[in-house]
There are 2 protein chains.
Amino acid sequence: MVTMSDVAREAGVSVMTVSNVLSERRPVGAPTRARVLAAVEALGFEVNLTARHLRAGRTDTVALVVPSFHDYFGEVADEIAPLVEAEGRHLVLERTAARPEQEIASLGVARLHLYDGVLLSVAALEPEQLDRVRTTKPVVLLGERDVPGRFDHVRLANEEGARLATAHMIAGGSRRILVLGGALETTHMMTTDRRAGWETAHREAGLPVDDRYVVPVANYSSAGARDALGEVIASGLPFDGVFAVTDVIALGAISALAASGLRVPDDVQLAGFDDLDVSNFVPPGITSVDPNHPGVAREAVRLLHRRMADAGAPAEHLVAPVRLVVRGSTRAAR
Amino acid sequence: MVTMSDVAREAGVSVMTVSNVLSERRPVGAPTRARVLAAVEALGFEVNLTARHLRAGRTDTVALVVPSFHDYFGEVADEIAPLVEAEGRHLVLERTAARPEQEIASLGVARLHLYDGVLLSVAALEPEQLDRVRTTKPVVLLGERDVPGRFDHVRLANEEGARLATAHMIAGGSRRILVLGGALETTHMMTTDRRAGWETAHREAGLPVDDRYVVPVANYSSAGARDALGEVIASGLPFDGVFAVTDVIALGAISALAASGLRVPDDVQLAGFDDLDVSNFVPPGITSVDPNHPGVAREAVRLLHRRMADAGAPAEHLVAPVRLVVRGSTRAAR
DNA sequence: CTGTTAGCGCATTCAA
DNA sequence: TTGAATGCGCTAACAG
């Protein structure tokens, strides 16, 4: 590895002069500067950022830690990156290990010290586990689980979004709406909140709530959704609407509906959550709850910057508003 | 920040003993060990990885550098992560800046020194630019552009895949097949190669090749594809098949076809490339060229490990085989 | 404008 | 089994 010493020797100057030329933190005479740059070029020197980071006590890097790199998280990451870069920092993505129940543990808390700040997407960590995470690093949590109050946190208006989507389908004439990917557990998490919104919409419309219409989905995957809905269809349980708790699940649903010859929205209305890009393009267009990714990204980065600037600021807990994007998979109110 | 010195003082031992307890590189007496661990716990010590990395001269971290975090790259990243982790290293994702023409330049070559190895997905970098990247770091290039011979490189059998997909649609009866997202430029890149495969299939079938059927798509996005195909439809140019150079483009195509009342595959057959998850679920299922992501990931990581173990090994240039996955958007041979 | 000294936190080497 | 000295590569602070 070529170091500054090598460059300094080659250019016949001190190491500090090389450092000053490269960082431009102090003026350097033109001829000296030229010799240094020539030496840098000749030797192919690249500054060792690890050393710089150690010296500086910071890395100018922010990490976004996600359960997986694809779908929802990839889209959010692309929103966050420019905001972080606008402040002169870099964004890197880290993935929590395959077993989400480990999350930070699997990643190693020490790794967080590699970054000036961390956006941690909490998929499966319990509040108690999270509470044991003792890091002085600025951390902002993202995600739909409850978290200890001392953390900054951005979550979505899950129940409200689910209520909007369900009420819209009720207004469009549906009377037996499945909540696909819903769960009956009472632990507070995304799927519970969205099921609750589905229930609220029913109560508000004076419709009965039937637990048989709460259909779990393995892995929250499209494949799991297709299989689960296929089984419902095979069972003969009558339904005329599907609220999928994520768009990934809605995608599996539309596949199962098509396979059974059920028309969307004529026979079955369908709505999802997340407003992924794909929902805009899958015919007939999937009505979806838009969580406003850019807004969420902006808020998360804002909280992180605030926290980095003032470690003692009181924690903020934001609930990002959502709105319904109506597309062809649902009918207008009748 | 709590350092090893703090822990050492608290435990009444030397810094080295703390280091040894934590790294387990040398045996430490049980009572001493217990005191150290107690001090670590009491002070909430976390090892400073930046310092460790500087000292060790390596970071045990591999970077995957991609143009964007979503879609194709997110899916590949999820394949690569476990392979890297299996060797005891971490994977992080970095994104090249918004302007792909900058790519590495935007990222800063120095950043590559933060990692023991780099998988660089080359979307837009010209071979000449790449040639100026003088890094002694182990680097493996991914992507469909030509690259300087000294780099290890994994690419897909783009032309072959495009030929397979096109020939399949010809066998299914299509005679006027658009290549959506194709380009006529002669610079070697993904879109050129896939257009070439489309052309080869036509020649092999004795069908004429008409440049009007090469339709560029803005940004290679679904929205761009929908608009581009919409214009073709409006223009009245007759066609009965669409080869989309990516599945993202195929998704836009299926949207435009549905909007125009064209049935898939009855009126128009459709095939894509990449075999994204979504292609399996969008009715009627999008026939797609499967680039075998797990295989590509495996080969890329293998090359990187080889390069990290032996910097002087001759460069390998792999072309990963592809296969066609037939779904409902195309017809069986007639 | 340029050089010297010192030290960021950790782990290798050598000594006890 | 434990400790002391040393330096990884860089830059702040202080000379000159």
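Throughout, a chain's letter reflects where its sequence line sits, starting with A, and its residues are numbered from 1.
- At the phosphate of dT2(D), neither OP1 nor OP2 sits under 4.0 Å from any side-chain N or O atom of Thr17(B).
- The pair Glu79(B)-Arg298(B) fails the salt-bridge criterion, with no side-chain N (NZ, NE, NH1 or NH2) lying under 4.0 Å from an Asp/Glu carboxylate O.
- Taking five base pairs at each end of the helix from dC1(C)-dG16(D) to dA16(C)-dT1(D) and finding the rotation axis that steps the C1' atoms of four pairs onto the next four gives two axes whose angle is 40°, to the nearest 10°.
- Partner Tyr115(B) forms a side chain to side chain donor-acceptor pair (under 3.5 Å) with one of Arg89(B), His90(B), Glu94(B) and no other, that one being Glu94(B).
- Residues Met4(A) and Arg9(A) form no side-chain contact, since every pair of their non-hydrogen atoms from C-beta on lies 4.5 Å or further apart.
- Note on Thr50(A): nothing from the nucleic acid sits closer than 4.0 angstrom, heavy atoms only.
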### Task
Take Arg111(B) and Glu46(A) through the salt bridge (Lys or Arg N to Asp or Glu O under 4.0 Å) test and state the conclusion after the steps.
CA-CA 9 Å; Arg111(B) 269 196 88 73; Glu46(A) 292 290 343; over 6 Å; no
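- Atom NE2 of His113(B) is separated from atom P of dC8(D) by 17 Å (rounded to the nearest Å).
- The closest side-chain heavy-atom distance from Leu304(A) to Leu119(A) is below 4.5 Å.
- No engagement by Gly57(A) is indicated, since no non-hydrogen atom pair under 4.0 Å with the nucleic acid exists.
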### Task
Going 5' to 3' through nucleotides 9-16 of chain C, assign each nucleotide B (protein heavy atom under 4.0 Å from a base atom), S (under 4.0 Å only from sugar-phosphate atoms) or - (no protein heavy atom that close).
BBBBBB--
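- Counting only heavy atoms from C-beta outward, the side chains of Asp116(B) and Thr61(B) never approach each other to under 4.5 Å.
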### Message
The test is salt bridge (Lys or Arg N to Asp or Glu O under 4.0 Å); show your working for Glu316(A) and Arg302(A) and say whether it passes.
### Response
CA-CA 11 Å; Glu316(A) 275 191 45; Arg302(A) 181 182 67 74; 3.3 Å; yes
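- With a 4.5 Å cut-off on side-chain heavy atoms, Val7(B) and Thr3(B) do not count as touching.
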